[in-house]
Chemist: 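First the structure, which I've put down as structure tokens, then a few questions once you've had a look.
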Amino acid sequence: MKRAFITGITGQDGSYLAELLLLKGYEVHGLVRRASSFNTGRIDHVYQDARDPDARLFLHHGDMTDGVRLLTLLGAIAPDEVYNLAGQSHVRESFDQPRFTAEIVAMGTLHLLEAIRHSRVACRFYQAGSSDMFGDSAPPHTELSLLAPRSPEATAKAYAHWTTRNYREGYDLFAVNGIAFNHESPRRGETFVTRKISQAVARIQAGRQDFLYLGDLSPVRDWGYAPEYVEGMWRTLQQDEPDDYVLATGTGHPVQDFVEAAFDHAGLDWDRHVRFDERYLRPTEVVELLGVPDKAAEKLGWRATVQMAELARIMVDADVAALEHEGRH
Ligand code: GDP
């Protein structure tokens, strides 16, 4: 049985990846931050009591800032595959908490790579890179495009990206950089723009809210469906050689298009409900992120099939259903 270790298992991608790996027969270990309230809502449905002889999902308390803990855990678990999905991934938030973001995203990745190197566990490593690293770089973006990050989150991801490459080349680690463009789902954090929109649409339709306050609607993003992206991540580690891969749909849309698709699907007129709030502007904005997923298609046989409008429908439907469920209880 293969063993995987996932940092960020309680997040959107971590939860989908855990589901995928469990389906593939893996034993899955996840790193979870201790908090006084539970933070495992996205994986509770696949969790089994560790005393159950059939249990294959195990959670370990720890933190990306604690390199010794990572080293000890790696030694104890001896995973075949490590997926580094932990992070403070919210761009706007990273301007308010740049130091914290760098500690988790940049230093955290360094701690994990050092732990792999020094524990000598023979594992493959996936680094969850982000399209935000391209920043100001001219679109469309390939694996060879210049990294020109424009936020503390993106500079930290760029550090992690280059450190992963250097460990691959310098220490002969099977270390892969995935560069995933924005990927969303009903499990997306509630302050990312797509989820913020889908939740607001559901609440407006139910008469519980009148207005949705947003920032700049002009930036272009390449939005895909998160469950498809975790399949791509897994495939990057099943190759003969480690490499870097862009995971994207290849199609870009301004935020405005997502707004319209989501409101249209609920039969609402977006113009009457969307208002501008400058608090959601960033000191430096990324105008356009657009990926070229050709290498992933050729080498991994991976393609994103869900495009923006369908994604908006999936997310609105899920938030409408969640509100109805909430109303019944
Ligand atoms: P990002 O691409 O990783 O920054 O993902 P987000 O979902 O946070 O933001 C996508 C785009 O939507 C960015 O260009 C934001 O500036 C823009 N945007 C406009 N209004 C909002 C808002 O109210 N919240 C967020 N999160 N983003 C917004």
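None of these values were measured; they are calculated from a predicted model. Atoms within a ligand are numbered from 1 in the order they appear, just like the ligands themselves. Residue indices begin at 1 and follow the sequence shown.
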Chemist: Just say parallel, tilted or perpendicular for the rings of Phe263 and His273, cut-offs at 30° and 60°.
Modeler: parallel
Chemist: Would you mind running through ligand 1 and noting each atom that sits below 4.0 Å from a heavy atom of Val91?
Modeler: 3 (O), 4 (O)
Chemist: Does a donor on one side chain sit under 3.5 Å from an acceptor on the other, for His253 and Asp222?
Modeler: no
Chemist: Suppose we measure from atom 13 (C) of ligand 1 to each protein heavy atom; which comes out shortest, and what is that distance?
Modeler: Arg221 NH2, 3.6 Å
Chemist: Looking only at protein heavy atoms, identify the closest one to atom 1 (P) of ligand 1 and say how far it is in Å.
Modeler: Asn182 ND2, 3.7 Å
Chemist: Identify, with sequence neighbours excluded, every residue that meets ring-ring contact (aromatic ring centres under 6.0 Å, His included) alongside Phe100.
Modeler: none
Chemist: Other hydrophobic cluster members with Leu23, side-chain heavy atoms of Ile/Leu/Val/Met/Phe/Trp/Tyr under 4.5 Å, chained?
Modeler: none
Chemist: Closest approach of Arg56 and Leu21, non-hydrogen atoms and distance?
Modeler: NH1-O, 4.5 Å
Chemist: Atom 26 (N) of ligand 1: which protein heavy atom is closest, and how many Å away?
Modeler: Thr191 O, 2.9 Å
Chemist: Number the atoms of ligand 1 from 1 as they appear, then name those within less than 4.0 Å of a heavy atom of Pro219, with their elements.
Modeler: 14 (O)
Chemist: Would you mind checking which non-hydrogen protein atom is closest to atom 3 (O) of ligand 1, with the distance to 0.1 Å?
Modeler: Asp132 OD2, 3.0 Å
Chemist: Just go through Ser218, Gly215, Ser130, Pro254 and tell me whose heavy atom is the nearest to atom 20 (N) of ligand 1.
Modeler: Gly215
Chemist: Residue-level breakdown please: for Arg282 versus ligand 1, do any non-hydrogen atoms fall below 4.0 Å on the side chain, on the backbone, on both, or on neither?
Modeler: side chain
Chemist: Provide, to 0.1 Å, the distance between atom 17 (C) of ligand 1 and the closest protein heavy atom, together with that atom's residue and name.
Modeler: Asp216 O, 3.7 Å
Chemist: Does ligand 1 have an atom that lies less than 4.0 angstrom from a heavy atom of Arg195?
Modeler: no
Chemist: Take Gln127 and Asn177 through the test side chain to side chain donor-acceptor pair (under 3.5 Å) and record every step on the way to the result.
Modeler: CA-CA 5 Å; Gln127 167 57 20; Asn177 282 303; 5.4 Å; no
Chemist: Can you pull out the closest protein heavy atom to atom 11 (C) of ligand 1? Residue, atom name and distance to 0.1 Å, please.
Modeler: Val255 CG2, 3.8 Å
Chemist: Examine Arg188 relative to Phe192 and say whether NZ or CZ is less than 6.0 Å from the centre of the six-membered ring and inside a 45° cone about the ring axis.
Modeler: yes
Chemist: Are Arg92 and ligand 1 in contact, using a heavy-atom cut-off of under 4.0 Å?
Modeler: no
Chemist: Side chain, backbone, both or neither: which part of Leu289 comes within less than 4.0 Å of ligand 1 when only heavy atoms are counted?
Modeler: neither
Chemist: Please evaluate residues Tyr126 and Asn84 with respect to the criterion side chain to side chain contact (heavy atoms under 4.5 Å, CB included), reporting the C-alpha separation (whole Å), side-chain torsions for both, the decisive distance (0.1 Å), and the verdict.
Modeler: CA-CA 6 Å; Tyr126 177 86; Asn84 184 28; over 6 Å; no
Chemist: Could Lys196 and Tyr213 be counted as a cation-pi pair, given that NZ or CZ must be under 6.0 Å from the ring centre and within 45° of the axis?
Modeler: no
Chemist: With a cut-off of 4.0 Å, which atoms of ligand 1 are near a heavy atom of His90?
Modeler: 26 (N)
Chemist: Whether Asp172 and Arg117 form a salt bridge (side-chain N of Lys/Arg under 4.0 Å from carboxylate O of Asp/Glu) is what I want to check.
Modeler: no
Chemist: Nearest to atom 10 (C) of ligand 1, what protein heavy atom do you find, and at what distance?
Modeler: Val193 CG1, 3.7 Å
Chemist: With respect to Ser89, determine whether any N or O atom, backbone or side chain, lies less than 3.5 Å from an N or O atom of ligand 1.
Modeler: no
Chemist: Considering heavy atoms of the protein only, find what lies nearest to atom 22 (C) of ligand 1 and give residue, atom and distance to 0.1 Å.
Modeler: Lys196 NZ, 3.7 Å
Chemist: Mark up the atoms of ligand 1 that fall under 4.0 Å of a heavy atom belonging to Tyr280, in ascending order.
Modeler: 22 (C), 23 (O)
Chemist: Over 60° means perpendicular and under 30° means parallel, so classify the ring planes of His183 and Tyr229, tilted if in between.
Modeler: parallel
